[in-house]
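Report on one structure; see the data block that follows.
Residues: numbered from 1 along the sequence shown.
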Amino acid sequence: MASLPLCRSPPSLLPSWPHRPISASFHPKNPSSPVAAHVSVQDPPPQDPAPPSDSSPNGTRPSSNTRYLWVNPNSPRAAGVVRARAGSGRRSRLASAAAVLGACEPAEAAVAAALEAAFPEPPSEQDAVIVLNTAAAARPETAVLALRWFLGNAGVRKKVILYNVLLKLLRKRRRWSETEALWAEMLQDGVQPDNATFSTVISCARACGLPSKAVEWFEKMPEFGCSPDMLTYSAVIDAYGRAGNAEAALRLYDRARSEKWQLDPVICSTVIKVHSTTGNFDGALNVFEEMKAAGVKPNLVVYNTMLDAMGRAMRPWVVKTIHREMVDQQVQPSRATYCCLLHAYTRARYGEDAMAVYRLMKDEVMDIDVMLYNMLLSMCADIGYVDEAEEIFGDMKVSVDARSKPDSWSYSSMVTLYSSTANVLGAEGILSEMVGAGFKPNIFVLTSLIRCYGKVGHTDDVVRSFDMLEDLGISPDDRFCGCLLSVAGNTPPEELGKVINCIERSNAQLGAVVKLLVDRSASSESFRKAASELLSSSRGVVKMPYCNSLMDLCVNLNQMEKACALLDAAQQLGIYAHIQTRTQTQWSLHLRGLSVGAALTTLHVWMNDLDTALQSGGEGLPPLLGIHTGQGKNTYSDRGLAAMFEAHLKELDAPFHEAPDKAGWFLTTSVAAKHWLETKKASELVAV
């Protein structure tokens with residue numbers, strides 16, 4: 001078939017014009033067509049083909065694979081065709097140059113030869129930017145040499161643009177040493193850095209984990225006449241926060257607020273983290289609310305930062321609210337989100353919520369390392385979640401990931417759990433597993449084991465476990481001695497000597513005090529003096545546990561006079577601060593956190609104080625009297641202190657009754673208390 005004109009004009013309408021030597025290939029929309037079109041603004045339109053020759057063997061027209069498309073050179077379409085062809089050729093040439101450069105050895109001669117072959121004519125600034133962007137992604141070392149070649153051979157108007165291109169690529173690769181070297185080379189070349197240069201270098205330092213370097217470059221900006229923009233401020237606020245300069249970070253944030261800058265999630269996340277690190281959790285919450293009020297939508301990083309901050313603040317109710325908001329906003333949680341939730345719920349001992357998150361992570365087949373497992377086990381041990389702890393521990397043992405296998409802390413938590421429930425067989429079984437797994441029992445395991453034996457009255461096993469401590473070469477600490485003291489408070493008098501011997505071997509001064517307590521011939525004053533010296537020299541965290549356990553022992557041995565002397569010494573040392581409060585309308589006794597013996601001793605002293613107030617004839621008693629025991633499990637007893645006190649008050653026939661609207665409170669009126677005190681003697685107030 002002869003070629004047919006796709007566009008024709010009558011000869012009478014065709015003006016005469018000078019033809020330009022421009023032509024381009026045109027491809028039809030139907031790619032399967034075997035016919036190619038030739039677009040021309042130079043050649044005249046092809047004439048109509050001649051009719052088919054009768055001499056054709058098949059009687060058909062001869063075929064042709066070319067069609068012609070004529071374009072008016074004065075129309076906008078002609079210019080578009082020319083630009084398209086020119087752009088396509090340029091892109092192809094630059095891509096080829098970048099590919100050759102990327103495969104080139106990082107040697108100056110090799111790079112120069114490759115670029116000279118690719119650019120017979122001097123390249124433009126834009127050509128240099130495109131080639132550097134493409135080639136540096138593969139080999140930054142080669143790109144540095146290419147940069148030097150372009151600076152000397154390309155038509156570059158602003159050298160800083162090429163430096164900025166390479167600095168951004170080094171930032172992406174986190175090459176800080178090369179970034180510093182390129183900065184020095186740029187200054188040596190007499191190139192003035194601009195805002196983009198500083199923003200790139202600062203963010204590179206931050207990405208490389210060098211916040212102090214980011215701050216250093218930020219503080220250099222005024223020397224070069226540069227003013228930070230919003231992106232730079234965002235990076236620097238984060239850098240100040242990471243460098244530990246919270247004051248500077250917050251100062252920049254306050255400036256951003258006062259000058260009505262456009263806040264972004266990066267800045268807000270950084271400021272929230274700064275507040276959290278310094279313990280200003282209310283400030284973190286305020287920033288979170290301010291950013292939402294300003295129209296900044298929190299992203300995943302902001303939500304995770306807030307969850308972590310509120311977990312540190314021990315505000316699990318706020319954590320639940322933020323997580324619910326995150327779900328409502330359809331922000332997809334990450335593993336970090338679930339880790340923050342576990343941190344918050346396990347620290348606050350929100351057992352149900354923590355287990356719900358754990359099972360969700362299991363369903364999503366998320367990575368759970370031994371640290372997260374141990375947090376869950378520690379929570380279960382504290383709140384008595386036996387079944388849940390056994391489920392978690394079983395998951396750890398069957399895990400194929402070595403990072404999830406139980407470690408010594410995992411076994412320690414399980415021993416503590418069984419100890420708190422007096423499950424001797426369970427504790428001994430875990431200890432056996434621990435030794436079989438290659439872990440030696442540490443002081444925490446032996447402390448829990450001794451407490452377990454003490455609860456069930458296995459005094460000989462207590463002594464055996466103590467001997468294990470010496471065999472393993474472990475030195476007793478204050479917590480271990482406190483555990484022995486607590487066991488002594490529940491040991492029958494006939495076996496008490498065995499435990500006292502262990503206490504004396506662990507802490508000679510503590511053993512001497514216990515001997516004075518047990519010795520009925522020793523005076524209360526000598527015991528008081530020795531106990532006061534012991535408490536004065538003890539660490540703050542063990543002073544109250546020592547007092548609680550010693551008073552338990554006093555009450556169990558019916559040594560109330562010594563118990564009262566110990567309470568007086570402890571109050572003078574500030575150990576039981578604010579145990580009594582008085583207002584015009586109510587006097588209260590606060591017993592929460594005390595052991596049973598300490599609480600009974602304090603009640604005994606308080607009742608004497610009430611009787612003294614009545615006998616003095618002064619202002620008398622207020623309208624209401626209250627005893628606050630708290631609610632829930634007591635550290636020093638399997639039963640809650642409220643339950644113990646309720647039974648004890650009934651034995652005394654005391655007029656205190658549990659308040660229906662105030663959990664953990666026992667209240668009475670002054671009239672009822674006065675009547676009761678007048679009919680009872682102080683020696684009859686405490687029944688053991």
Considering only heavy atoms from C-beta outward, does the side chain of Q571 approach that of I575 to under 4.5 Å? no
Sub-3.5 Å donor-acceptor pair from the side chain of S412 to the main-chain atoms of S408, do we have one? no
Decide yes or no on ring pair (Phe, Tyr, Trp, His ring centres under 6.0 Å) for F393 and Y373, but give the supporting numbers first. CA-CA 8 Å; F393 194 67; Y373 276 122; 9.7 Å; no
Give a yes or no on whether E352 atom CD has more than 12 heavy-atom contacts from other residues, nucleotides or ligands under 6.0 Å away. no
Should D477 and R479 count as an ion pair when the cut-off is N to O under 4.0 Å? no
List in chain and number order the residues that pass side chain to side chain donor-acceptor pair (under 3.5 Å) with E658, two or more places apart in sequence or in another chain; answer none if no residue qualifies. none
How are the rings of W665 and H628 set to each other: parallel, tilted or perpendicular (split at 30° and 60°)? parallel
About how many Å separate CG of L342 and CE of M361, when rounded to the nearest 0.5 Å? 5.5 Å
Side-chain heavy atoms of L594 within contact of I579, under 4.5 Å: yes
Roughly how far apart are R312 CZ and L307 CG, rounded to 0.5 Å? 12.5 Å
Would you find a donor on one side and an acceptor on the other, under 3.5 Å apart, between the side chain of D552 and the backbone of G597? yes
Just checking E494: does its CD atom have more than 12 heavy atoms from other residues, nucleotides or ligands closer to it than 6.0 angstrom? yes
Do any N or O atoms from the side chain of T602 and from the backbone of A598 form a donor-acceptor pair under 3.5 angstrom? yes
Evaluate side-chain contact (heavy atoms from CB on, under 4.5 Å) for S378 paired with T346, printing each intermediate quantity in order. CA-CA 8 Å; S378 176; T346 54; over 6 Å; no
Decide side-chain contact (heavy atoms from CB on, under 4.5 Å) for M375 and H343; before the verdict, give the C-alpha distance in whole Å, the side-chain angles of both, and the deciding distance to 0.1 Å. CA-CA 8 Å; M375 287 167 42; H343 275 276; 3.5 Å; yes
Between T337 and Y303, does a side-chain contact (heavy atoms from CB on, under 4.5 Å) hold up when you go through it step by step? CA-CA 8 Å; T337 308; Y303 277 120; over 6 Å; no
Quick one: are L573 and S536 in side-chain contact, heavy atoms under 4.5 Å? yes
Could you grab the distance from atom CD1 of I272 to atom CG of N286, nearest 0.5 Å is fine? 10.5 Å
Determine the minimum heavy-atom distance between A389 and L377, stating which atoms define it. O-CD2, 3.7 Å
Report yes if the side chains of L431 and P441 come closer than 4.5 Å at any heavy-atom pair, otherwise no. yes
Looking at K405, I'd like to know if its NZ atom is crowded, meaning that more than 12 non-hydrogen atoms belonging to other residues, nucleotides or ligands lie closer than 6.0 Å. yes
What's the separation between atom CG in L510 and atom CD in E504, rounded to the nearest 0.5 Å? 10.0 Å
What's the separation between atom CG in L667 and atom CD in Q586, rounded to the nearest 0.5 Å? 6.0 Å
From CA spacing to verdict: side-chain contact (heavy atoms from CB on, under 4.5 Å), L553, N490: CA-CA 7 Å; L553 187 56; N490 297 313; over 6 Å; no
Run K562 and D519 through salt bridge (charged side-chain N to carboxylate O under 4.0 Å, His left out) and show every step you take. CA-CA 11 Å; K562 290 181 179 178; D519 186 2; over 6 Å; no
For atom CD of Q509, is the number of surrounding heavy atoms from other residues, nucleotides or ligands below 6.0 Å larger than 12? yes
Heavy-atom closest pair (S595 atom, L641 atom, distance to 0.1 Å) is O-CD1, 4.5 Å
Do the charged groups of R315 and D282 touch, with an N to O distance under 4.0 Å? yes
More than 12 heavy atoms from other groups under 6.0 Å of CZ on R592: no
Treating T277 as the side-chain partner and K273 as the backbone partner, does any N or O pair qualify as donor plus acceptor under 3.5 Å? yes
Could you tell me whether K662 atom NZ has more than 12 heavy atoms of other residues or ligands within 6.0 Å of it? yes
Please identify which of these residues, L625, D609, T581, meets the side-chain contact (heavy atoms from CB on, under 4.5 Å) condition with W587. L625
Look only at the side chain of S465 and the backbone of D461, and say whether a donor-acceptor pair between them is shorter than 3.5 Å. yes
Is it the case that the side chain of W606 and the backbone of I627 share a donor-acceptor pair, with hydrogens and angles ignored and the cut-off at 3.5 Å? no
Sidechain-backbone polar pair: S419 side chain, V415 backbone, donor-acceptor under 3.5 Å: no
Determine whether the aromatic ring centres of Y338 and Y358 lie less than 6.0 Å apart. no
Which pairs pass side chain to side chain donor-acceptor pair (under 3.5 Å) with one or both residues in residues 436-454, sequence neighbours excluded? T416-S448, E428-Y453, Y453-R464
Take atom CD in E561; do more than 12 heavy atoms of anything else shown fall under 6.0 Å from it? no
Is the backbone of D395 close enough, under 3.5 Å, to the side chain of S399 for a donor and an acceptor to pair up by distance? no
Sort out for me which residue in E433, E391, E390 forms a salt bridge (charged side-chain N to carboxylate O under 4.0 Å, His left out) with K397. E433
Compare all side-chain heavy atoms of I430 with those of Y418 and state whether any distance is below 4.5 angstrom. yes
For R347, the side chain to side chain donor-acceptor pair (under 3.5 Å) test, sequence neighbours excluded, returns none
For the pair R539 and D478, find out whether any cationic side-chain nitrogen is under 4.0 Å from an anionic carboxylate oxygen. yes
Close side-chain approach of T305 to M310, heavy-atom, < 4.5 Å: no
So if I apply the side-chain contact (heavy atoms from CB on, under 4.5 Å) rule between V513 and each of L535, I503, L534, which one comes out positive? L534
Test item: M560 and V555 side chains (from C-beta on) under 4.5 Å apart, heavy atoms: yes
Examine distances only and state if a side-chain atom of D568 and a backbone atom of C564 form a donor-acceptor pair shorter than 3.5 Å. no
Is V499 close to L485 at the side-chain level, that is, under 4.5 Å between some pair of heavy atoms? no
Would you please classify the geometry between the W409 ring and the F444 ring as parallel, tilted or perpendicular, with 30° and 60° separating the classes? tilted
Looking at CD1 of I450 and CZ of F466, how far apart are the two atoms once the value is rounded to the nearest 0.5 Å? 7.5 Å
Under 3.5 Å, side chain of S538 to main-chain N/O of K543, donor-acceptor pair present? no
Carboxylate-amine/guanidinium proximity below 4.0 Å for R335 and D369: yes
